[in-house]
Visitor: 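Before I ask anything, let me first share the structure, which is written out below as structure tokens.
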Protein chains: 2
Amino acid sequence: MDTKIVDVAAKAGVSPATVSRVLNRSNGVTERTRLKVMKAIEELGYHPNAAAKHLRSQRTKTIGVIAQDINSTYFTEIIKGIENMAYAQGYRVIICDAENHKEKEQEYLNLLLDRTIDGLILIVPLITDEEIIELADKGYFVAVVGRHIQHDRIPCVYTDNVKFSREVVKHLVQQGHRDIVFLNGHPDAVDSFERLEGYLKALRDHQIPFRPEFVENGHFSENGGYEALKRLVEKQLSFTAVFAANDEMALGVYRACAELGIRIPDQLAVIGVDNNRISKYIQPTLSTVNQPKYTMGAILVEKFIDQMNENQFENKRVFVVDSELIVRESSLFTVGKKSGPGNK
Amino acid sequence: MDTKIVDVAAKAGVSPATVSRVLNRSNGVTERTRLKVMKAIEELGYHPNAAAKHLRSQRTKTIGVIAQDINSTYFTEIIKGIENMAYAQGYRVIICDAENHKEKEQEYLNLLLDRTIDGLILIVPLITDEEIIELADKGYFVAVVGRHIQHDRIPCVYTDNVKFSREVVKHLVQQGHRDIVFLNGHPDAVDSFERLEGYLKALRDHQIPFRPEFVENGHFSENGGYEALKRLVEKQLSFTAVFAANDEMALGVYRACAELGIRIPDQLAVIGVDNNRISKYIQPTLSTVNQPKYTMGAILVEKFIDQMNENQFENKRVFVVDSELIVRESSLFTVGKKSGPGNK
DNA sequence: TTGAAAGCGCTAACAT
DNA sequence: ATGTTAGCGCTTTCAA
């Protein structure tokens, strides 16, 4: 348990330096001595002390990942992508669950500042672009998923929110809808902003006038979606479709509809974003947008590690991946139904 | 970024030792010098180097947590409990996602061996009791959730599988069922074994003869549950209720029933275990067993940290928490339905 | 109350 | 190809 490199060296009849060489680069050592050393390591059950190694080499080969909340498959899938790719490159990953608190995110930033990790990946955090840029400017390695930051040293991967949002609305229009409500997420989140932008552009595409009262805020949460829909109904607005900026809010819409006796999709079509696992179990199954989460994590971390190893520089820093619309029951009229939307 | 303790010391006009004292124990330092030092730290933006600290102090104040798969709320809830309590005690937590591979679990064991972490918590891992005990015997700190290990130095927290399984079966019997199928998890998992035991005891409680063909293996997975139900039906067995050892398998049962045209709960009652989030969204809502996951994590880590700090010894090492049966639609006959179970 | 100095376990530059 | 040795940045005895 507390055998150290000198013990191994003594047992193998070599110097600590040689043991170190065997442990790291295998070149510069005879096969014969290499075997002697390996044998000694084996027999002593020796494990190099990480702290000593990190202190001496000034790197930990560890990447930190801050996720907004690990209780959602959006984050866990991305993390899996990051982790597997990182391990393949000899890097460890520390997962941090910020539980939706900015304060907790800040807490985890210390991992970077105290050099516990070599680099930090933020998955759509609450921390602002400015704060992230400040870190990068100080020389720390930072990368982001699900967000675009204008900075030479910050790798990004995200999906084109505007693009898929337009597709969502287009699909709804093709189903005969014109009174389409948009449920926004956190008002200051980039994702919200861009999805709203896509919604607006799509309305223009189809010559549908924009009605400000058709946009409600649901803060990306189930309960937020629930309350947003209730507010809309109370306002006596007449609409036939809801585009929720994520599946969580769509779930809230389902709950509100159940209470109010609104039938999905006949009286109200619903589409979410994220392809949350629940979306295909719920009744009716929820139409949604799928992002290639695992791939996003993997692509990003590969680039990130390259950057940290200085193998590669600024050639390709930003990765935009494609999302796909998954049409399920919640946005399609039931077979046999003749009537158009809005027939309450 | 690379300011060190000597820089702070120089700036504050004191010795490195004094700075260290300010940083750790605040006693033995005048308020005046403490303020001087704090000011210097602030102005230089100094952050102590973790590796150096760990190397010197021989502890990292970090706990590792290996979860079988972070893609399930069972694990994430426990992790949240662990993390929040650990942080409150000044400990960091490293989350490891083993993705259901024993090999990956072994990989993460290195964190313990190379002293990156002071202690390791395993949440129902695939690693065997023997392997865990071996670590403990070597002097490493290890603890487990959802499993009971007979060893003085290994804190455990789990829920009484036998007890709640009996309750589940009792509830089904009270609903009029006698032909109750049990869907087992991994055949070698303790949880499976104990839930099966509870099932058997309950049958005895109600004088229902045990039929071996009523037990099928579903490996705790959705697909496993799906296939298990199909096998049962192919065997032409007649049964009116399914007790699945977890919600995932119950989900598989739902899918199989949908394909086979079996109505839940009228033709088949279903109960799972875990209170997975999906269980209350699915139609019909799934009856299940809820374990106090967050609390389990919190209780355990508190004890574990005490142990690592040697504040406390062997007085209370094993925590058994209570689970509760949550009855939802999948195990209740629809209102208005007169007929008993099994009326296909 | 504060400072001087040793040393945690490792790697890498330099020497042989 | 292998050994010697300095030093990574910190904490903690011991001395003042």
Side-chain angles (χ1 to χ4, degrees), chain A residues 1-41 44-62 90 110-118, chain B residues 1-38 40-41 44-62 90 110-118 309:
Chain A
M1 173 168 166
D2 41 3
T3 59
K4 32 198 117 176
I5 205 166
V6 287
D7 302 324
V8 177
K11 178 132 192 165
V14 297
S15 77
T18 300
V19 177
S20 175
R21 277 187 275 259
V22 171
L23 250 27
N24 302 300
R25 268 151 305 293
S26 45
N27 61 335
V29 182
T30 328
E31 185 59 14
R32 215 176 86 77
T33 50
R34 207 184 65 82
L35 287 173
K36 268 197 309 192
V37 171
M38 294 297 273
K39 186 155 165 280
I41 289 173
L44 293 171
Y46 168 72
H47 285 271
N49 179 300
K53 197 167 180 157
H54 296 167
L55 176 57
R56 177 61 229 226
S57 60
Q58 301 288 50
R59 56 196 327 233
T60 60
K61 293 204 118 198
T62 303
N110 285 323
L111 293 172
L112 198 57
L113 304 179
D114 74 12
R115 321 255 66 156
T116 296
I117 55 178
D118 292 344
Chain B
M1 173 167 165
D2 41 4
T3 59
K4 29 197 118 169
I5 206 166
V6 288
D7 302 323
V8 177
K11 178 130 192 166
V14 297
S15 74
T18 300
V19 177
S20 174
R21 276 186 275 256
V22 170
L23 251 27
N24 302 300
R25 264 153 305 297
S26 45
N27 61 335
V29 182
T30 330
E31 185 59 15
R32 213 175 89 76
T33 49
R34 205 183 68 82
L35 287 172
K36 270 197 306 192
V37 172
M38 294 297 274
I41 289 173
L44 293 172
Y46 168 71
H47 286 270
N49 179 299
K53 195 166 180 157
H54 297 167
L55 175 57
R56 176 60 227 230
S57 60
Q58 301 286 50
R59 58 198 322 236
T60 60
K61 293 203 114 195
T62 303
N110 285 322
L111 293 172
L112 199 56
L113 304 179
D114 74 12
R115 321 254 67 157
T116 295
I117 55 178
D118 292 342
N309 291 337

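Just so it is clear: chains get the letters A, B, ... in the order the sequence lines come, proteins before strands, and each one is counted from 1.
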Visitor: Can you sort out the partners of Thr62(A) under side chain to side chain donor-acceptor pair (under 3.5 Å), two or more places apart, ordered by chain and number?
Guide: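 Checked Thr62(A) against side chain to side chain donor-acceptor pair (under 3.5 Å); zero matches.
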Visitor: Tabulate below the donor-acceptor pairs under 3.5 Å that side-chain atoms of residues 12-19 of chain A make, not counting sequence neighbours, or state none.
Guide:
{"unit_1": "Ser15(A)", "atom_1": "OG", "unit_2": "Ala17(A)", "atom_2": "N", "d": "3.4"}
{"unit_1": "Ser15(A)", "atom_1": "OG", "unit_2": "Thr18(A)", "atom_2": "N", "d": "3.4"}
{"unit_1": "Ser15(A)", "atom_1": "OG", "unit_2": "Thr18(A)", "atom_2": "OG1", "d": "3.3"}

Visitor: Bend angle of the helix from dT1(C)-dA16(D) to dT16(C)-dA1(D) from five-pair axes at both ends, rounded to 10°?
Guide: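 If I round to tens, the end axes sit 30° apart.
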Visitor: Please name all residues satisfying side chain to side chain donor-acceptor pair (under 3.5 Å) with Thr116(B), sequence neighbours left out, ordered by chain then number.
Guide: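 So Thr116(B) forms a side chain to side chain donor-acceptor pair (under 3.5 Å) with Arg92(A), Asp114(B).
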Visitor: Would you indicate what Thr30(A) reaches in the nucleic acid, counting non-hydrogen atoms under 4.0 angstrom: base, sugar-phosphate, or nothing?
Guide: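 Sugar-phosphate, backbone atoms only, no base.
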Visitor: Which sits closer to the 5' end of DNA chain C, Lys53(A) or Val14(B), going by the nucleotide each is nearest to?
Guide: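 By nearest-heavy-atom nucleotide position, the 5'-most residue is Val14(B).
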Visitor: Using a cut-off of less than 4.0 Å, is there contact between a side-chain N or O of Ser15(A) and OP1 or OP2 of dT4(D)?
Guide: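 For Ser15(A), the contact criterion (side-chain N or O under 4.0 Å from OP1 or OP2 of dT4(D)) is not met.
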Visitor: Can you give me the first and the last nucleotide of DNA chain C (5' to 3') that has an atom within less than 4.0 angstrom of a non-hydrogen atom in chain B?
Guide: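 The protein-touched segment is dT1(C) to dG9(C).
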Visitor: Could you state the atom-to-atom distance from CG of Asp2(B) to P of dG9(D) in whole Å?
Guide: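 Spelled out: CG on Asp2(B) to P on dG9(D) is 8 Å.
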Visitor: The criterion is salt bridge (charged side-chain N to carboxylate O under 4.0 Å, His left out); which residues satisfy it with Lys11(B), sequence neighbours excluded?
Guide: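 Partners of Lys11(B) by the salt bridge (charged side-chain N to carboxylate O under 4.0 Å, His left out) criterion, ordered by chain and then number, come out as Glu43(B).
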Visitor: With 3.5 Å as the limit, what N/O pairs link the protein to nucleotides 14-16 of chain D?
Guide:
none

Visitor: If you only use heavy atoms from C-beta on, which nucleotide in dC10(D), dT11(D), dT2(D) is closest to the side chain of Thr18(A)?
Guide: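 Per side-chain heavy atoms of Thr18(A), the pick is dT2(D).
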Visitor: Measure from CD1 on Ile5(A) to P on dT4(D) and round the result to the nearest Å.
Guide: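 After rounding, the gap between these two atoms is 14 Å.
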Visitor: What's the CG-P distance between Asn49(A) and dG9(D), to the nearest Å?
Guide: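 These atoms are roughly 17 Å apart.
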Visitor: So what does Ser20(B) hit on the nucleic acid, given a heavy-atom distance under 4.0 Å: a base, only sugar-phosphate, or nothing?
Guide: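 Ser20(B): base contact, heavy atoms under 4.0 Å.
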Visitor: For a quick test of reading the model, state the closest non-hydrogen atom pair linking Met38(B) to Val22(B) and the distance between them.
Guide: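 Result for this residue pair: SD-CG1, 3.9 Å.
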Visitor: Between dC8(D) atom C1' and His54(B) atom NE2, what is the distance in whole Å?
Guide: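 Distance, rounded to whole Å: 15 Å.
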Visitor: Looking across every strand, which nucleic acid part, if any, lies under 4.0 Å from Val6(B) by heavy atom: base, sugar-phosphate, or nothing?
Guide: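 Here Val6(B) touches no strand at all.
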Visitor: With sequence neighbours excluded, what pairs up with Thr33(B) under the side chain to side chain donor-acceptor pair (under 3.5 Å) test?
Guide: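 None.
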Visitor: Can you name the nearest heavy-atom pair linking Ala51(B) to His54(A), along with the distance?
Guide: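 Taking Ala51(B) first and His54(A) second, the nearest heavy atoms are CB-CB, 3.7 Å.
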Visitor: Can you tell if the side chain of Val37(A) reaches within under 4.5 Å of the side chain of Val29(A), non-hydrogen atoms only?
Guide: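 No, every pair of side-chain atoms sits at 4.5 Å or beyond.
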Visitor: Just the rounded figure in Å: distance from P of dC10(D) to NE2 of His47(B).
Guide: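 Rounded to the whole Å, the gap is 12 Å.
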Visitor: May I have the distance from Lys61(B) (atom NZ) to dC10(D) (atom C1'), rounded to whole angstrom?
Guide: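 After rounding, the gap between these two atoms is 16 Å.
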Visitor: Once you round it to whole Å, what is the distance between P of dG9(D) and NZ of Lys4(B)?
Guide: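 Between P of dG9(D) and NZ of Lys4(B): 4 Å.
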Visitor: Only counting residues at least two apart or in another chain, list the ones meeting salt bridge (charged side-chain N to carboxylate O under 4.0 Å, His left out) with Asp7(A).
Guide: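 Salt bridge (charged side-chain N to carboxylate O under 4.0 Å, His left out) check on Asp7(A) returns nothing, list empty.
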Visitor: Heavy atoms only: give me the nearest Thr3(A)-Tyr46(A) pair and the separation to one decimal.
Guide: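 Here Thr3(A) and Tyr46(A) meet closest at O-CD1, 3.4 Å.
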Visitor: Applying side chain to side chain donor-acceptor pair (under 3.5 Å), can you list everything that pairs with Ser57(A), at least two apart in sequence or on another chain?
Guide: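 Per chain and number, Ser57(A) pairs via side chain to side chain donor-acceptor pair (under 3.5 Å) with no residue.
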Visitor: Within this structure, what is the CG-to-P distance between Asn24(B) and dT13(D), rounded to whole angstrom?
Guide: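 Answer to the nearest Å: 13 Å.
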Visitor: Less than 4.5 Å apart, side chain to side chain, heavy atoms only: is that true for Lys53(B) and Asn49(B)?
Guide: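 The answer is no; the side chains never approach within 4.5 Å.
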